[in-house]
Each structure stands twice: as structure tokens, then as C-alpha cells.
Engineer: 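Here it is: the structure, laid out below.
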Amino acid sequence: MAKEKLLLLDGNSLAYRAFFALPPLTNDSGIHTNATYGFTTMLQKILEEERPTQMLVAFDAGKTTFRHESYGEYKGGRQKTPPELSEQFPYIRKLIDAYNIKRYELDLYEADDIIGTLAKQAEANESEVIIVSGDKDLTQLATDNVTVYITRKGITDIEKYTPAHIEDKYGLTPAQIIDMKGLMGDASDNIPGVPGVGEKTAIKLLKEYGSVEALYEAIGGMKASKMKEKLVANEESAHLSKKLATIFTEAPIEVTLDELAYAGPNEDALLTVWQELGFKSLIEKSDMQSTAQEQEEIQLNIVNDITAAMLKDTLALHVELENEHYHSCAMLGIAITDGVDAKYIPVDVALKSDAFKAWLEDETKKKYIVDSKATQAILARYDIKLAGVAFDLLLASYIVNPAISGDDVATLAKEFGYTNVQPNEVIYGKGAKWTVPEEDVLADHVSRKAIAVWHLQPVVEKKLQDNEQYDLYHDLELPLAEILGAMEIAGISVNVETLKQMGQALLEKLSVIEQTIYELAGEEFNINSPKQLGVILFDKLGLPVLKKTKTGYSTAADVLEKLQSEHDVVKHILDYRQLAKLQSTYIEGLTKEVHAEDSKVHTRFQQALTATGRLSSTDPNLQNIPIRLEEGRKIRQAFVPSKEGWVLFAADYSQIELRVLAHMCQDPVLVEAFKEGMDIHTRTAMDVFGVANPDEVTANMRRTAKAVNFGIIYGISDYGLSQNLDIPRKKAAEFIASYLQSFPGVQGYMENIVADAKREGFVTTILNRRRYLPEINSSNFNLRSFAERTAMNAPIQGSAADIIKKAMIDMDARLQKEGLQAKLLLQVHDELIFEAPVEEIEILERIVPEVMESAIELTVPLKVDYSHGHSWYDAK
DNA sequence: ATGCTCACG
DNA sequence: ACGTACGTGAGCATT
């Protein structure tokens, strides 16, 4: 018989966890759903990952348990279960039933005891057992066959406690967890323990004595101390606490293991509960949606001949593509609609119609499109210059809420309550199963997309108007899409030969370093594998473990840097890492992206992706080409102008984010510093360190001040700063306090922006871009803190993005007005890269800074630095 | 598919 | 006490 795998869930604990981890969601009928939703997602994930053969969810029974007999105050002083949670328990039971999972509760016993008892029985049967709970007490049950999963931060993130993990984490055996509880107590269960003994002390004592009993036997020999006094005075409490914390594994349960067989959910029942609770995303994700998503009939003609009458003044247009790589992929089909009926135009029919091409290029013929940039780019490959874009669903949705994910029309449409279009996955399948369907199915799908766009245009534009974001969408993002399209289509030339030579040199260097590492390590292994590297460094060579990841030892650069003095191999590994990154990502990866026809790379700028309003760049990412280290920076020598006699011209904003901050907070010292053109990090150092004269600021003071400035932009935390500067957290906290005292305007801004976010649920940028922060009022400290830091950072990063986007639009207009050949090629968050005939450099040096600096007027000046050269490397 | 690491602003 | 800097994308190893 195949080995059984038993999954035991602590129902109460997980429901509580889910309730407090998630914001207070409600469904359409006003029922709270955060606990049910969290519980469901956790369950889905664990079912998917573990595929158990047996399952049970245990619940606590009534108020009193056998523990109350020995200790009346057990779980005393607990806050009453919030009513918002109580109302969800019936649904959780319903959900469990719909999954066909056994649930069980037993009078006088807690869920822990049921779980402990069953785990023990199953282990005797040689089953594999997994226990899932939010309560670390359960870890005492871990054995070689029983793993305890404890949720951490949220509910789907799980820490797996095996005996080895417990040894690693606490230096204790699972059984000693009970002793630990006995000594330190547990406030949430009102278990007293020994006052004054916390986790650290408890572990120390247990490492020395082994158990509570052994400790008290040996206590006579312990040298006199405050701690000894406390231990002696509370001996009884320690023994009682240990008893209370001990999970009872002999509970008189009436279920047997054979009753726990799990064979999957009752899909109909589950779907019904999900619908009742309003779990739309889960319904959509599951395979059960076919029953859920009824599609209405549409009017559709497949046309073989395009007539003038079809090409109206305003139409929704959808060009369906094979995949997202619109610079290289094929078109699958085209649809147009005026909302009444749809016309599906096969690609070959469209391409041979001059009337259709003329319509596409006619500025006065208005088009409503999902993704105008993709459409512009694909048509450009057939020498068609798309004009007259009057609506872009992707951009409009993104401005309404940048968190709206995905570029699939169905996903976007659903956000606005329109469901009469299927997700791509349903039509094409995904992964290896992807196929283009029969023409009638394809025609229907593509037409539905066009119809969706037509219907959504007024809906989404209205929403933009209501939010006072129409201008941002219409005057900034929409024209920017066309400019980005032109940049992508233009591409940037890459000298493949240069890359190839660099690659050769790198390979030689790498193989030398590789051999050195093997020699120093005493064996060959895969240096690229953090797992294997960890074994070599920390097990074999015995280096101290300073940081761990979820899955093992951390071998990140900041850790290795601290280990350099411990062993010679570390330095070589750092070198290897640096060069290997260059080789794989920037030599090999980039080379693969160069188009053979024109020797250029054509990135795609994602305009509707980031949470803050920034762009991102893919295939290849041209926004993370190395610059900080010289070896990497040389990669930029391969980026060259596309024509003889041309050069690359680069212009970047100096300190744009800090200037934005100065503008928004109006702190007098910060504003003054920028107005006077001071070095801002030096100025900050003067204030933080209380130095009156810039000359007295040392390099180290400036470096610290710079880190503090970054911290301010990111939403400061003492821990973050301490990590960055590798200083004690206390020291970091002092720097921050000193900063905020010197710049009270900044402090006020930070406080206000967080308060605004808590009230409104979102923060905004200079041009009224929004970022919603649903977790800002969470009772979960981590979620809330993250949202608070985001509230501080998003307006700064987002406003900087607004500014450079506006500058790109102004710059495009200016280049046209001046009749220049210069072309904008790239944007890298705070810099613009052009190529131009060398004769135009003089004029660019005048107009580029002028346009960029006046893109949006702030109360502090914007400053732009610029340079040019025969490669991107030389434009420095 | 996911986690780790590392490249950029 | 909690457990962290903000925003991205790509390659590799591993499951």
C-alpha cells in the first residue's frame, strides 16, 4: 500500500490567523470574509502542495477544558472573539464540508489534543503526518515523521518545523518546547511560567539542564542570583505551566484514521459556498469556472472584403497577437466594432486592404484599443502608422488603479463588472498546451475583446473623470504610449562583436577563478547553486552562519562580505558571482535579444505595470545595465549609435526624488539647500551631525547622510538603515531622530501622508496618480508597517515618474518643433538617452536640460546633468 | 513554478 | 514583540 499522508489542521488557530492577517473584507451582502477567504487560500495552497491522502480539521470544543481543572485561569483574560470573526465560523464549517474534509471537536479537549492524539496514532501506522496551525505550541509534536507547519506573516507563508529545524532555531528538541513554555509561560493562554524568564533565558537554562524537572533537581547547585531566586519562588508555577502547555496525546477521540480518507472536494458544493461568499478570484482561478461564466451571444461577421461603410469614424479596434512579444510575434486576427455588431477581419484580408490601412493611419478616425502601444508596434512592422488612438483600456485601467493586474482584456473588463469576454487561457490553453483554435472560435474571442473595449470606454473614462484623473490619463499616459512605441521601434544598436570579445575575456577569467575556488574548497561543486555553496562554506569549511533564508543558509553578497576575513575562498566567490552575472545576464542574455536584421535591441517598456507609476523594461531590460562597478560598466561600450557620425546623448535628473520631497514637505532647510544648489548629502550631514561648516563634513559623515536620505525616501525604519549601513539599530535610530529634528517639515509630511492614507485608503502624486493601500489600517503589524512605508515612498517615487514622463512628452514636441533628427531611445527612471548627429549636440545641450528642468514646476529647482559619447559608456 | 541572487533607479 | 528598507527584471538551480 502506498504510504498515507495525513494532514491535520488546527481550525480555530488558522481561522484566527486568517482573520488578523487580512484586512476586513466583506462580500456584497455585508458578511465579513477575511477569515473564510484566508482559510480557503491557505487550504487551497496546502492541498495543492501536499496532496494528502487523509485529512482532518480539529476545532476547540466549549469554553472549559480539562486544563481548567488544574488551573482555573487557563486562557483567562482573553479578549472575546470579535463578532466579525464569530459570524465566519459557520461558513468555515460549510467550506470544510464542501471540501469533503472530516472535522472534529471533542468536549473538554482542545484542537491541539485531538491533533496530538491522531498524529501519534498515525505515526504508529508509519504514515507521514503534517500538522498545520498558527500556534507554535504544536511544534512539540514534531518527529521524524511528523512535520509541523506554522503560518507566519499572512497565512499562506509557512515555516516548517522538523526536529532539525527546531534544533537549528532554538537548539532544543521538540519535547523541550514544552519545558520552554513552562519556564517562559504564554501570555495568550494566560500561562504564567516564571516571571522574568523569557525565550532567551528559557533556552539557555534548558541547554544547560535539559528539562524543568532536571533544572529544579539541580537548582541547589546553581550559584545565587536574581534569576535563581525567581526560579525558586515560582517552582510550582513552572511545573503547572509545563503541564498546561503539554499536548495530551491520549484524548478519548471517537474518530479513527480510516474515516479521514480525503479524495478531493465536492465541486458543486464548494462552488456554491464560494459564490455565496463572493470569492470571485478563486472561482475564476479554478477549473470550475465554465459553469460560472455564462457568455452572452454576440453579433459577428467574418469579413472577406472590407467596405468603406464598415470603417466608421469611431470604432473599437482589436488586433489579437500570438503572445506579448509584439516586436517579433505574429498577428492572429483583427476585430472592429461600433458596439452594435462586430466584424472579424482575418490578417491576410486586413493586410491587402488599402482602405483599411488608410483608416488605421487616419488621425480623424477614432480608435478605442486595449493596448495602443502594442498595436502601434505590430502595425509598424507592416509599415502602417497607427493614428487616431482615442482610448486605451490598458492605460485607463492602470490610472484608475495601478494594482489592476494583467493585460488580458477579460481581467481588465472584470474589474469594471464586464464579463462577456473569456480569459485568453480559456481559449488558447496555457504553457505547452497553447494552441490557436478554429477560426470561428478565434473570431468570436477577438470580437468579444473589441466589444468589451467599446463598452468599457465610457465606463472607465467616467471613473477617471470622477477621480480627477482624466488629464493624467489623456494628456500624459496616452501620448506617452506613442512616444514609447516609437522608442521601442527605433531600438538601440548593440555591437555584438564587442559583447563577444568581452564574453571571451570573461570566460577565461571565470575559469581561473573557478579552479581557484575548487582548490580552496577542496572539491568541485556548482558555485552557482546557493545550496551547494552553503554546504561548502558553512558545513565543510565551518564558516559562521550570519543569516539564513527560508530554505537554508544565505550566501548573499552582504553576508559573504562579512565572511571575507574568515576564509580566502570567499573573496573568490564574490568575484566569481560578479563576473558570472555579467556573463550570463549581460553578455549571453543581451546577445540573444539582438535582432539579426538591424543589430538592435527593441525592449518593451511596460507602461501599466508598476505600483508607483514608473516604467519597467523587458526583453531585454535596459533599465538595469551595469554602471556601479567598472567591469560591468564596460557592457555599456556595446551600446552605440545607429548611424555613422551620430553619438549617444544622456541627460539625468540630479536628486529628483529628494527635490520632490522638498517640494511636497516644504521643509525650509531642505528647500533652501536646493535653491542654493548645495550638495544635499553634505547639507544633510551638517544637520544630522551638528556641524556648522561644510568643510568639516567627512566622507564617512556624508556617506551616512546619503543612506539616511535614501531611508527617508523609502519610508524610514531604524532596522532598514542599520542593515544598509551595517551599524547597530540603536545608532540608526539616533540618526533618524536627529534627521527628523533637523528637518521638521519632513517629519510633518511623513506623519500627514500616513494619516491621509489611513483616511482615504490611497496616496497621490503631483499629477494625481493614485496608489491604494488597503493594508494601511490592518491590525497586522507587518502589513500595516509596510503600507505605511509605501505611503511615504509612493508619492515621491510616483511624482518623480510623473515629471520625467511629462518631460518626455515635452521633449518629443520640442524635437519636432526644432526639426531635429535626434531621437529619444531609452528612459531609465531619472534619465533620458538619445541618439543624434554630432552636429546636433550643441543644441541638445541647450534644449534637453531646459525642457527637462521645466517639465513640472516645483518650488525647488530641478537640475539636469548631461553628456555624450560614442557609446553609452562614454556618455558619462 | 518558486526562491535566491544580483543588476539598476 | 512583531521583522523590514522603495520600485523593478533576469538567470540559475531546484522542485
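Order of the sequence lines fixes the chain letters, A, B, ..., with proteins taken first and strands second; residue numbering starts at 1 for each chain.
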Engineer: Look at the side chain of A:Asp830 and decide which nucleotide, out of B:dC6, C:dA5, B:dG9, has an atom nearest to it.
Structural biologist: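 So the side chain of A:Asp830 is nearest to B:dG9.
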Engineer: Classify A:Arg633 by what it touches in the nucleic acid, base, sugar-phosphate, or nothing, heavy-atom distance under 4.0 Å.
Structural biologist: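 The residue A:Arg633 makes no contact with any strand.
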Engineer: Within the pair A:Thr555 and B:dT5, is there a side-chain N or O less than 4.0 Å away from OP1 or OP2?
Structural biologist: yes
Engineer: Using a cut-off of 4.0 Å on non-hydrogen atoms, how would the nucleic acid contact of A:Ile625 be classed: base, sugar-phosphate, or nothing?
Structural biologist: sugar-phosphate
Engineer: Under a 4.5 Å cut-off applied to non-hydrogen side-chain atoms, are A:Tyr866 and A:Phe834 in contact?
Structural biologist: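 No; the side chains remain at least 4.5 Å from each other.
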Engineer: So if I take every side-chain heavy atom of A:Thr618 and compare against C:dC6, C:dG9, B:dA7, which nucleotide ends up nearest?
Structural biologist: C:dG9
Engineer: Taking side chain to side chain contact (heavy atoms under 4.5 Å, CB included) as the criterion, tell me which of A:Leu543, A:Val559, A:Asp539 meets it with A:Tyr553.
Structural biologist: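 It is A:Asp539; the other options fail the test.
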Engineer: Could you check whether A:Gly589 gets within reach of a base, just the sugar-phosphate, or nothing at all, counting any heavy atom under 4.0 Å?
Structural biologist: sugar-phosphate
Engineer: Report the relative orientation of the aromatic rings in A:Trp872 and A:Phe639; use parallel for angles under 30°, tilted for 30 to 60°, perpendicular for over 60°.
Structural biologist: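 Ring orientation of A:Trp872 relative to A:Phe639: perpendicular.
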Engineer: When you check the phosphate oxygens OP1 and OP2 of B:dT5, does a side-chain N or O of A:Gln578 lie under 4.0 Å from one of them?
Structural biologist: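 Result: no.
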Engineer: If we take the P atom in both C:dA5 and B:dC4, what is their distance in whole Å?
Structural biologist: 13 Å
Engineer: Expressed in angstrom and rounded to an integer, what is the separation of A:Glu199 atom CD from C:dG3 atom P?
Structural biologist: 11 Å
Engineer: Under 3.5 Å, is there a donor on one side chain and an acceptor on the other for A:Gln583 and A:Glu588?
Structural biologist: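 Judged by distance alone, the side chains do pair up.
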Engineer: What is the nucleic acid contact for A:Leu609, judged by heavy atoms within less than 4.0 Å: base, sugar-phosphate only, or nothing?
Structural biologist: sugar-phosphate
Engineer: If you take atom types as modelled and just measure distance, does the side chain of A:Arg789 reach the base of C:dT4 with a donor-acceptor pair under 3.5 Å?
Structural biologist: yes
Engineer: Check whether any side-chain nitrogen or oxygen of A:Lys581 sits under 4.0 Å from OP1 or OP2 of C:dC12, and answer yes or no.
Structural biologist: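 No, outside the criterion.
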Engineer: Please give, in whole Å, the distance from C:dG3 P to A:Ile716 CD1?
Structural biologist: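 Value for this atom pair: 21 Å.
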Engineer: As a test of reading the structure: which of C:dT8, B:dG9, C:dG3 is closest to the side chain of A:Phe781, going by heavy atoms?
Structural biologist: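 Nearest listed nucleotide: C:dG3.
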Engineer: Under 4.0 angstrom, heavy atoms only, what part of the nucleic acid is A:Ala801 near: base, sugar-phosphate, or nothing?
Structural biologist: nothing
Engineer: Please report, rounded to the nearest Å, how far the P atom of C:dG7 is from the CD atom of A:Gln607.
Structural biologist: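 Rounded to whole Å, this separation is 20 Å.
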Engineer: For the pair made of CD1 in A:Ile527 and P in B:dT5, what is the distance, rounded to whole Å?
Structural biologist: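 Going from A:Ile527 (CD1) to B:dT5 (P), I get 15 Å.
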Engineer: Once you measure the plane-to-plane angle for A:Tyr714 and A:Phe710, does it fall in the parallel (<30°), tilted (30-60°) or perpendicular (>60°) bin?
Structural biologist: tilted
Engineer: Base, sugar-phosphate, or nothing for A:Ile627, non-hydrogen atoms under 4.0 angstrom?
Structural biologist: sugar-phosphate
Engineer: Look at the side chain of A:Arg577 and decide which nucleotide, out of B:dC8, C:dC6, B:dT5, has an atom nearest to it.
Structural biologist: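 Given the options B:dC8, C:dC6, B:dT5, the side chain of A:Arg577 is closest to B:dT5.
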Engineer: Can you tell me how far P in B:dG3 sits from the matching atom in C:dT4, rounded to whole Å?
Structural biologist: 14 Å
Engineer: Rounded off to whole Å, could you give me the CG-to-P distance for the A:Leu510 and C:dC12 pair?
Structural biologist: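 In whole Å, C:dC12 P and A:Leu510 CG are 12 Å from each other.
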Engineer: Looking at the side chain of A:Thr585, which of C:dG11, B:dT5, C:dG9 is the nearest nucleotide?
Structural biologist: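 Selected nucleotide (nearest to the side chain): C:dG11.
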Engineer: Is the shortest side-chain heavy-atom distance between A:Asn793 and A:Ile713 below 4.5 Å?
Structural biologist: yes
Engineer: Over how many whole Å does the gap from A:Leu533 atom CG to C:dG11 atom P extend?
Structural biologist: 21 Å
Engineer: Give the rounded distance in Å between these two atoms: CG of A:Asn621 and P of C:dG9.
Structural biologist: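 Computing the A:Asn621:CG to C:dG9:P distance gives 7 Å.
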Engineer: Evaluate salt bridge (charged side-chain N to carboxylate O under 4.0 Å, His left out) for A:Glu159 paired with A:Lys136, printing each intermediate quantity in order.
Structural biologist: CA-CA 10 Å; A:Glu159 186 169 6; A:Lys136 284 194 180 133; 5.5 Å; no
Engineer: Does A:Asn526 have a side-chain nitrogen or oxygen under 4.0 Å from the phosphate oxygens OP1 or OP2 of C:dA13?
Structural biologist: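 Yes.
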Engineer: Look at all strands and tell whether A:Asn528 reaches a base, only sugar-phosphate, or nothing, counting heavy atoms closer than 4.0 Å.
Structural biologist: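 A:Asn528: backbone/sugar contact only, no base atoms under 4.0 Å.
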Engineer: Is A:Ala800 touching bases, backbone alone, or none of the nucleic acid, heavy atoms closer than 4.0 Å?
Structural biologist: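 Since no nucleic acid heavy atom lies under 4.0 Å of A:Ala800, the category is nothing.
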Engineer: Rounded off to whole Å, could you give me the NZ-to-C1' distance for the A:Lys547 and C:dG3 pair?
Structural biologist: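 Interatomic distance, NZ of A:Lys547 to C1' of C:dG3: 13 Å.
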Engineer: Is a donor-acceptor contact shorter than 3.5 angstrom present between the side chain of A:Gln797 and the base of C:dC6?
Structural biologist: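 Side chain to base: pair found, below 3.5 Å.
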Engineer: Would you indicate which nucleotide in C:dG7, C:dT15, B:dT5 comes nearest to any side-chain atom of A:Ala556?
Structural biologist: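 Closest nucleotide among those given: B:dT5.
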Engineer: When we call it a touch if two heavy atoms are under 4.0 Å apart, what does A:Glu831 touch: a base, just sugar-phosphate, or nothing?
Structural biologist: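 If one applies the 4.0 Å heavy-atom cut-off, A:Glu831 turns out to touch nothing in the nucleic acid.
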Engineer: Using modelled atom types and a 3.5 Å cut-off, is there a donor and acceptor pairing between side-chain atoms of A:Thr41 and backbone atoms of A:Gly38?
Structural biologist: yes
Engineer: Ignoring backbone atoms, test whether A:Ser529 places a side-chain nitrogen or oxygen under 4.0 Å from the OP1 or OP2 oxygen of C:dT14.
Structural biologist: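 Yes, because at least one side-chain N or O of A:Ser529 sits under 4.0 Å from OP1 or OP2 of C:dT14.
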Engineer: With a cut-off of less than 4.0 Å, is there a side-chain N or O of A:Ser616 near OP1 or OP2 of C:dG9?
Structural biologist: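 It does, given that an N or O in the side chain of A:Ser616 lies less than 4.0 Å from OP1 or OP2 of C:dG9.
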Engineer: At less than 3.5 Å, do the side-chain atoms of A:Arg771 and the base atoms of C:dG7 form a donor-acceptor pair?
Structural biologist: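 Absent.
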Engineer: Heavy atoms, side chains only, cut-off 4.5 Å: are A:Arg769 and A:Ile399 in contact?
Structural biologist: yes
Engineer: For a quick check of understanding: with a heavy-atom distance under 4.0 Å over all strands, which category does A:Ala791 fall into, base, sugar-phosphate or nothing?
Structural biologist: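 The answer is nothing, as A:Ala791 stays clear of every strand by at least 4.0 Å.
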Engineer: Identify the two heavy atoms, one from A:Ile587 and one from A:Met502, that lie closest to each other, and give their separation to 0.1 Å.
Structural biologist: CD1-CB, 3.8 Å
Engineer: For DNA chain C, what string of dots and brackets results from 5' to 3' when Watson-Crick and G-U pairs need both distances under 3.5 Å, crossing pairs get [ ], and pairs with another strand get |?
Structural biologist: .....|||||||||.
Engineer: So A:Asn624, base contact, sugar-phosphate only, or nothing? Heavy-atom distance under 4.0 Å.
Structural biologist: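 Touches a base.
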